[in-house]
Every structure is written in structure tokens, then in C-alpha cells.
Amino acid sequence: MQITKENPDLKRDYYHEPKIRMFNYISLIIAMIVAFIEPLLCLTIIFLISVINVITIGRKNKE
């Protein structure tokens with residue numbers, strides 16, 4: 001927090017926003033539960049989480 005106070009022109013790290021964090025945690029918990037039933041579906045969920053994060057964080061960094 002001190003670094004951002006002293007350097008207000010730095011870009012914000014959007015990965016640590018509460019909405020993105022909660023989405024990641026909930027999705028990963030769902031993926032872990034699904035892994036016991038269907039491992040390939042678990043990998044697909046994790047891949048989709050990564051793609052969604054790259055898209056949303058990329059959009060927010062452009063703003």
C-alpha cells in the first residue's frame with residue numbers, strides 16, 4: 001500500500017480484486033470436486049478460468 005501511495009502513476013494489479021479472487025477460488029473448488037468424477041472436465045474448467053482471467057485482466061489494464 002505504501003508503494004502505491006508514493007507512486008500514484010503505477011498501474012493497479014487487477015488480479016487481486018475481490019471479485020476476481022472470489023471467482024478464482026470458487027471455480028477452483030468446483031474443479032477440485034469435479035476432478036474426482038471427471039478429470040478431463042476438471043482440466044477444462046481450469047483452462048477456462050485461465051482464459052477468463054487473461055481476458056478480463058487484459059481489458060482492465062487497457063482502461
Side-chain angles (χ1 to χ4, degrees):
M1 287 175 47
Q2 187 65 32
I3 292 172
T4 54
K5 280 183 184 179
E6 293 176 3
N7 302 307
D9 55 331
L10 286 177
K11 287 187 177 181
R12 185 170 177 198
D13 185 14
Y14 289 103
Y15 186 75
H16 295 290
E17 279 191 10
K19 287 181 184 178
I20 294 175
R21 247 192 221 175
M22 288 305 295
F23 171 75
N24 288 338
Y25 290 149
I26 292 170
S27 301
L28 289 174
I29 289 171
I30 291 170
M32 283 190 273
I33 293 169
V34 170
F36 291 106
I37 300 166
E38 188 65 39
L40 289 177
L41 183 60
C42 172
L43 292 174
T44 306
I45 292 171
I46 292 172
F47 175 75
L48 290 175
I49 294 169
S50 301
V51 169
I52 290 170
N53 283 331
V54 166
I55 291 170
T56 56
I57 292 170
R59 282 185 187 168
K60 290 193 178 212
N61 282 336
K62 287 182 182 179
E63 292 178 354

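Only this structure's heavy atoms are used, side chains among them; waters, hydrogens and symmetry mates stay out. What you are looking at is a predicted structure, and each value in this text was computed from that prediction instead of being measured.
By the side-chain contact (heavy atoms from CB on, under 4.5 Å) test, Val54 pairs with no residue at all, sequence neighbours left out. Scored by the side-chain contact (heavy atoms from CB on, under 4.5 Å) test, Leu43 finds Leu40 as partners (sequence neighbours excluded). Scanning for side-chain contact (heavy atoms from CB on, under 4.5 Å) contacts around Ile29 gives Met32, Ile33, with sequence neighbours left out. Among residues two or more places apart in sequence or in another chain, the side-chain contact (heavy atoms from CB on, under 4.5 Å) test is passed with Thr44 by Leu48.
Cluster partners of Phe36, using a side-chain heavy-atom cutoff of under 4.5 Å among ILVMFWY residues and allowing indirect links: none.
In this structure, CD1 on Ile52 lies 10.5 Å from CZ on Phe47, to the nearest 0.5 angstrom. Atoms OG and CD1, on Ser50 and Ile45 in that order, are 12.0 Å from each other to the nearest 0.5 Å.
Follow the hydrophobic side-chain contacts under 4.5 Å out from Met22 and you reach Leu28 in the same cluster.
Ser27 and Ile49 make their closest contact through CB-CD1, 3.2 Å (heavy atoms, listed as atom of the first residue, atom of the second, distance).
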